[in-house]
Q: 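This structure is in structure tokens; I'll ask about it shortly.
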Amino acid sequence: MKQGSEVVNVPACFISNHEGFLGSIKNFIEDFVVTEIDIDGHYVKTAAARQSPGCASSDKNSKTDADCKENSSVPQDSDVSLEWGVDVPLPNLGSFDLGVILGPSVSEELEHFVLTLRDKKPTELELSLGSFADKHQRANVHRAVRHRFPFLMTVTIQPEIRVREDPDYRELTQLVKEDEAEDFFRFIDAKVRGSSYTFGPDDNKEHRTAVHHFLNRRFGKLVETKSFSDQGRTSISVRLRERGRPKKRSADERKEEEVYTAFTLCKENLETLEAISYMAAALGILPSDFTYAGIKDKRAITYQSMVVKKVSPQRLQEKAADFERRGMRVSQVRSVSEPLRLGRLQGNHFDLVVRDLRPHESGDALSSGADVHTRLATLVKEAVENVKTRGFVNYYGPQRFGSGQSAQSDRVGLALLKEDMVRVTLTACRTRWSFIVKFRQLPVKQSCSVRLSDAVLMCVVVCQVSAVRLFFTPEEGDDPQSHAKRHFLQTDNAKESLALMPLSKARERLMLRALNRYGTGSDGCAQAWLSLPHSMRVFYPHAYCSRVWNEAVAHRLATLGHSVRQGDLVWIREGQNKVEDSGESSAPRIHVVTDEEEIGGVYTLDQVLLPMPGNTVKYPENTMGTWYQERLARDGLNDCRFRVGSLKLNLPGCYRPLLAIPHNLSYQLHKAASREGKQDLDSDVLTLNFDLDSSCYATICLREIMKCDP
């Protein structure tokens with residue numbers, strides 16, 4: 001077993017005792033192909049998915065009601081589970097890439113125009129961005145330009161759009177800081193009901209009066225202002241005025257809202273969120289207008305169903321060429337009546353290639369090529385037959401925890417569950433250190449002799465679980481993303497870090513935008529987490545619960561063996577062989593194995609479930625129940641309610657089968673073919689094809705086959 005950081009969260013416990021072999025995967029992008037299996041059991045790249053509401057009801061796919069909930073948030077061999085929701089304080093315009101919307105040359109020209117304005121006094125300079133016949137595209141241009149450059153005014157002289165400096169912005173910068181003026185104009189443009197904006201402290205009453213007068217004169221119909229005092233400092237708060245009843249939408253507007261277009265997306269070497277962000281920018285819509293059944297792996301060729309709202313099939317196909325330039329292809333484009341839901345799939349089909357095969361024993365390296373090939377054929381056949389019959393331990397894969405990252409997702413999730421989401425500042429460190437000194441009842445003289453640097457160092461160690469700080473932990477190296485994260489941790493400047501963060505990193509940009517707007521104190525950190533869609537926020541606590549589940553199943557197998565024991569949880573279906581009038585079998589229920597059932601061998605290991613921690617699950621009524629209590633207490637969660645009210649997070653928990661079994665498993669062992677003029681005729685290659693149920697990981701299946709991490 002490899003014990004590197006990438007697999008530290010996946011215990012080394014197997015269900016079969018075959019020898020296995022060594023090899024490597026994902027040497028080439030086409031070595032890992034994932035095809036979604038829709039709710040009707042069709043491969044999405046060969047048959048159009050049919051839409052039907054509710055969770056899967058087939059015996060093959062149905063586990064428990066809670067398992068359906070789990071499938072809605074657990075990816076298959078993916079880095080993160082994401083869904084663009086509506087619970088975002090400000091609209092996500094960060095995905096509107098001006099380079100995509102305007103084209104590289106016009107976007108670059110706009111940047112030069114902005115630099116010219118910055119260097120000059122008030123000017124009447126204008127720049128034409130070109131002509132845009134489509135009204136959706138014009139609206140997209142207006143919104144994107146205003147969000148990126150709040151100090152610009154966009155004017156339509158149909159169909160042309162021109163930009164010039166906004167005189168109101170220039171006037172406001174004479175009264176407040178430039179970054180405050182930018183944030184205020186973004187606040188005005190967003191027009192989010194119930195939102196407010198607060199300028200920095202201003203103790204000069206005459207100056208505050210001037211600001212009030214300007215805001216009321218220019219934006220009085222839209223906002224109302226007031227001064228308030230907090231801790232001896234006075235600031236101006238601005239909030240949107242309450243409007244009357246919402247304007248009734250026209251029939252055309254309602255019809256446009258109800259347009260849904262389904263398609264199959266093929267992507268290569270792209271995260272799902274990255275692909276959606278680009279498509280949203282190109283179509284002039286929000287990422288939340290896309291729905292899908294599951295997240296797919298980045299380092300792979302993947303096929304999956306998607307549905308986009310407010311976009312007609314014709315309009316989607318018009319953008320197909322743009323998508324292909326970014327490594328995406330759309331097919332089977334058609335109109336449907338409703339969006340997709342997370343978890344609305346039976347599973348995934350995998351076509352994998354394992355290269356550089358060799359036996360585990362080093363002595364075999366001295367054998368002839370023919371002997372090694374014969375030996376490998378025996379090892380592969382034994383391994384595949386074992387897994388085909390007995391399955392594999394249903395661990396969550398390393399992708400679940402942010403494989404290869406400095407700060408793994410489960411650590412961030414633990415910090416959130418402990419409601420430790422406030423990024424520690426120097427002031428907070430001083431306060432925490434004073435508390436520690438007092439708590440330990442150190443003599444005053446001794447405590448005063450402690451150097452401040454030591455106190456700060458101690459506080460940083462104590463507060464390393466800060467969720468925001470963990471989230472922005474950079475990787476080794478100086479890639480743009482790590483550089484931006486490092487800059488934020490070193491300077492606490494969210495605005496500069498946002499400018500450095502690549503546009504494809506949507507999560508990080510959402511967080512930085514909120515931290516820039518609300519500050520890096522406790523309120524700002526809470527708003528930063530709330531800026532992420534709910535399914536993205538809840539992924540981190542789910543990652544922590546997944547780590548606990550992985551450890552639980554390893555402990556269960558090590559201490560109670562491979563037989564069903566008294567107190568284990570199993571799922572049974574009342575009248576499983578009886579079909580109700582509805583055509584569906586009745587719902588499963590959780591059952592606690594009795595002593596008589598253990599002796600009689602009533603249940604098999606593949607029926608055993610282990611709970612994901614949460615506030616509604618039942619725990620095993622044997623030694624595993626005690627283990628869960630002790631494990632959570634070790635992380636300080638012995639009294640955890642698995643709710644974080646301030647972040648709108650609730651984890652009810654669910655049940656996950658201890659074992660998973662691949663379906664339709666086949667393989668072929670052959671010699672490596674010539675590739676780009678290079679040949680290694682002595683190298684053996686294994687091709688594997690199989691199906692997995694939703695929420696199962698192909699890399700974990702391979703791990704059981706090979707008895708090592710591929």
Side-chain angles (χ1 to χ4, degrees), residues 89-91 114 117-123 146-153 164-244 422-431 434 491-499 512-528 530-531 646:
L90 291 177
V114 168
L117 290 180
R118 294 290 197 184
D119 294 337
K120 294 187 177 183
K121 294 181 179 180
T123 175
R146 288 285 292 175
H147 184 77
R148 178 67 179 86
F149 303 112
F151 47 84
L152 293 181
M153 174 187 294
R164 65 171 75 106
E165 184 181 43
D166 190 331
D168 290 337
Y169 176 88
R170 172 76 71 168
E171 186 173 350
L172 183 58
T173 56
Q174 306 304 312
L175 297 171
V176 300
K177 296 178 181 177
E178 190 167 344
D179 59 345
E180 288 182 321
E182 286 192 11
D183 290 341
F184 172 76
F185 271 78
R186 287 194 178 100
F187 159 74
I188 288 292
D189 285 338
K191 295 183 178 64
V192 177
R193 293 183 61 187
S195 64
S196 62
Y197 178 79
T198 302
F199 289 94
D202 184 359
D203 296 325
N204 186 322
K205 185 176 181 180
E206 291 184 0
H207 183 262
R208 291 200 307 272
T209 300
V211 175
H212 279 295
H213 286 170
F214 169 79
L215 296 175
N216 286 311
R217 173 168 51 88
R218 302 304 302 167
F219 306 101
K221 292 183 179 181
L222 186 62
V223 303
E224 55 187 23
T225 67
K226 69 174 182 178
S227 295
F228 70 96
S229 296
D230 183 26
Q231 298 181 354
R233 304 298 303 277
T234 304
S235 301
I236 295 176
S237 176
V238 185
R239 73 178 183 87
L240 292 176
R241 291 187 182 276
E242 292 292 337
R243 295 187 175 183
V422 180
R423 187 178 183 276
V424 178
T425 60
L426 178 60
T427 303
C429 284
R430 293 174 191 260
T431 304
S434 299
T491 67
D492 220 34
N493 191 318
K495 183 178 181 180
E496 292 179 356
S497 303
L498 179 61
L512 288 170
R513 190 175 294 112
L515 290 167
N516 178 45
R517 177 172 175 76
Y518 298 103
T520 55
S522 59
D523 290 341
C525 288
Q527 290 296 331
L530 287 170
S531 73
S646 59

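Throughout, numbering of the chain's residues begins at 1 and tracks the sequence. Just so it is clear, the model here is predicted, and its values are computed rather than measured.
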Q: Should the pair F184 and F187 be assigned to parallel (<30°), tilted (30 to 60°) or perpendicular (>60°) ring geometry?
A: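 Geometry flag for F187 against F184: tilted rings.
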
Q: Quick check for you: to the nearest 0.5 Å, what is the distance between N493 atom CG and K495 atom NZ?
A: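 NZ of K495 is found 8.5 Å from CG of N493.
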
Q: CG of L172 to CG of L215: how many Å apart, nearest 0.5 Å?
A: 6.5 Å

Q: E180 side chain to G200 main-chain N or O, any donor-acceptor pair under 3.5 Å?
A: yes

Q: Please assess R517 against R186 for the test side chain to side chain contact (heavy atoms under 4.5 Å, CB included), listing each intermediate value before the final yes or no.
A: CA-CA 10 Å; R517 177 172 175 76; R186 287 194 178 100; 5.7 Å; no

Q: Would you call the rings of F151 and Y169 parallel, tilted or perpendicular, taking 30° and 60° as the class edges?
A: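 Aromatic pair F151/Y169 classed tilted.
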
Q: When rounded to the nearest 0.5 angstrom, what distance separates CG in N516 from CD in E496?
A: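 Atom-to-atom, N516:CG and E496:CD are 10.0 Å apart.
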
Q: Determine whether E171 and R218 satisfy the following criterion, salt bridge (charged side-chain N to carboxylate O under 4.0 Å, His left out), listing intermediate values before the conclusion.
A: CA-CA 10 Å; E171 186 173 350; R218 302 304 302 167; 5.6 Å; no

Q: Where is the tightest heavy-atom contact between T198 and S237, given as atom of each residue plus distance?
A: OG1-OG, 3.9 Å

Q: Find the distance between NE2 (H207) and CG (L175) and round it off to the nearest 0.5 Å.
A: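 Nearest 0.5 Å value for the NE2-CG distance: 5.0 Å.
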
Q: Which residues pass the side chain to side chain contact (heavy atoms under 4.5 Å, CB included) test with S227, not counting sequence neighbours?
A: R208, H212, T234, I236

Q: For the atom pair OG1 (T173) and CG (D179), what is the distance rounded to the nearest 0.5 Å?
A: 11.5 Å

Q: Supply the atom-to-atom distance Y197 OH to F185 CZ, rounded to the nearest 0.5 angstrom.
A: 11.5 Å

